[in-house]
Asker: 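Let me give you the structure first, and then I'll get to my questions.
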Amino acid sequence: DAKTTQPNSMESNEEEPVHLPCNHSTISGTDYIHWYRQLPSQGPEYVIHGLTSNVNNRMASLAIAEDRKSSTLILHRATLRDAAVYYCIPANYGGSQGNLIFGKGTKLSVKP
Amino acid sequence: KAGVTQTPRYLIKTRGQQVTLSCSPISGHRSVSWYQQTPGQGLQFLFEYFSETQRNKGNFPGRFSGRQFSNSRSEMNVSTLELGDSALYLCASSYGTRGPDTQYFGPGTRLTVL
């Protein structure tokens with residue numbers, strides 16, 4: 001399983017963009033990069049995933065480095081509701097389905 | 001579509017007892033995974049069930065077991081409870097098909113062992 005490195009914590013101001021980095025230098029060629037977040041007192045929720053090219057959805061954008069050793073989750077305009085722990089999770093679907101390996105994640109604080 | 005539900009939400013047990021937690025997945029989902037979350041160890045994978053069969057297992061002792069029923073509902077059981085089993089137990093459901101498969105998590109069951 002690929003090891004990930006994320007900052008322990010980050011701070012942002014409301015309505016400003018946030019770039020959450022993740023290093024996954026041991027990722028395999030077939031690992032997808034997933035991001036989940038966990039709001040206080042809730043279970044984790046899916047944010048976005050990608051394989052090689054950048055991805056956008058209504059929640060966020062995912063920028064994946066060309067060598068795939070790192071990725072950045074981009075929240076375009078942070079809101080107070082975005083305060084959560086964000087997890088970057090490489091996942092290979094060759095054999096291990098339903099097995100997400102959560103690291104420590106990045107705790108994002110959003111200031112009004 | 002209703003989300004993943006877990007019952008009970010809170011539970012208090014004493015050492016040595018056993019406990020059963022229940023998870024109802026999103027309609028149409030055939031995979032249910034269980035995770036344990038503690039302040040010290042974070043979120044750790046327990047096991048996954050797909051079509052009533054355990055498909056994947058994490059590194060937990062045999063006191064932790066689970067099962068899945070034909071309607072995809074799942075239960076996990078912890079026997080001979082220890083103080084260290086106090087945790088938030090989360091279940092997640094998904095379609096379970098090959099390829100990127102979004103997992104949808106329930107709110108969790110908070111277990112306290114005294």
Side-chain angles (χ1 to χ4, degrees), chain A residues 1-9 22 27-53 55 57-60 62 64 68 71 84-107, chain B residues 3-6 9-10 21 23-26 29-51 53-60 66 68 72 74 87-110:
Chain A
D1 297 315
K3 183 174 163 46
T4 59
T5 304
Q6 297 180 255
N8 289 334
S9 62
C22 179
I27 196 170
S28 80
T30 53
D31 282 351
Y32 283 80
I33 299 153
H34 290 249
W35 284 79
Y36 280 76
R37 71 180 184 181
Q38 187 171 21
L39 280 64
S41 303
Q42 294 188 28
E45 66 174 356
Y46 167 82
V47 178
I48 200 167
H49 76 271
L51 184 60
T52 54
S53 51
V55 185
N57 66 19
R58 64 174 179 81
M59 286 180 73
L62 176 60
I64 302 171
R68 295 195 354 108
S71 61
V85 178
Y86 287 78
Y87 298 97
C88 158
I89 307 171
N92 189 305
Y93 292 96
S96 299
Q97 293 291 119
N99 180 14
L100 295 177
I101 308 295
F102 286 83
K104 301 283 187 201
T106 296
K107 183 173 183 178
Chain B
V4 177
T5 57
Q6 293 186 245
R9 293 293 310 280
Y10 302 91
L21 312 182
C23 173
S24 292
I26 290 171
H29 285 186
R30 293 167 65 191
S31 168
V32 174
S33 297
W34 288 89
Y35 295 81
Q36 180 196 65
Q37 186 170 28
T38 60
Q41 299 297 318
L43 268 156
Q44 293 184 288
F45 172 76
L46 278 157
F47 31 66
E48 182 213 1
Y49 284 87
F50 178 78
S51 291
T53 301
Q54 188 180 87
R55 183 159 71 172
N56 215 344
K57 188 177 187 302
N59 190 23
F60 278 81
Q68 187 180 34
S72 294
S74 177
L88 180 67
Y89 289 89
L90 293 154
C91 85
S93 77
S94 69
Y95 287 108
T97 53
R98 287 204 171 271
D101 192 22
T102 300
Q103 292 202 19
Y104 295 85
F105 285 79
T109 293
R110 172 75 61 187

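Chain identifiers are assigned alphabetically (A, B, ...) following the order of the sequence lines, protein sequences preceding nucleic acid strands; residue numbering begins at 1 within each chain. Basis for what follows: all heavy atoms, side chains included, without hydrogens, waters or symmetry-related copies. Just so it is clear, the model here is predicted, and its values are computed rather than measured.
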Asker: Report which part of Leu43(B) has an atom under 4.5 Å of a heavy atom belonging to chain A: side chain, backbone, both, or neither.
Answerer: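 For Leu43(B), the contact with chain A is made by backbone and side chain together.
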
Asker: Drop me the distance from Gln42(A)'s CD to Leu88(B)'s CG, to the nearest 0.5 angstrom.
Answerer: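 Those atoms lie 11.5 Å apart.
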
Asker: Taking the side chain from Tyr36(A) and the backbone from Gln103(B), do they hold a donor-acceptor pair closer than 3.5 Å?
Answerer: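 Yes: the side chain of Tyr36(A) pairs with the backbone of Gln103(B).
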
Asker: If you compare all heavy atoms of Phe45(B) against all heavy atoms of Leu100(A), which two are closest, and at what distance to 0.1 Å?
Answerer: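 Heavy-atom minimum between the residues: CB-O, 4.2 Å.
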
Asker: Counting only non-hydrogen atoms closer than 4.5 Å, does Gln37(B) touch chain A with its backbone (N, CA, C, O), its side chain (CB onward), both, or neither?
Answerer: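 Just the side chain, heavy atoms under 4.5 Å.
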
Asker: If you compare all heavy atoms of Pro44(A) against all heavy atoms of Leu90(B), which two are closest, and at what distance to 0.1 Å?
Answerer: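 Heavy atoms only, the tightest pair is CD-CD1, 3.9 Å.
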
Asker: Quick one: side chain to side chain donor-acceptor pair (under 3.5 Å) partners of Gln41(B), sequence neighbours excluded?
Answerer: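 Gln41(B) satisfies side chain to side chain donor-acceptor pair (under 3.5 Å) with no residue once adjacent residues are dropped.
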
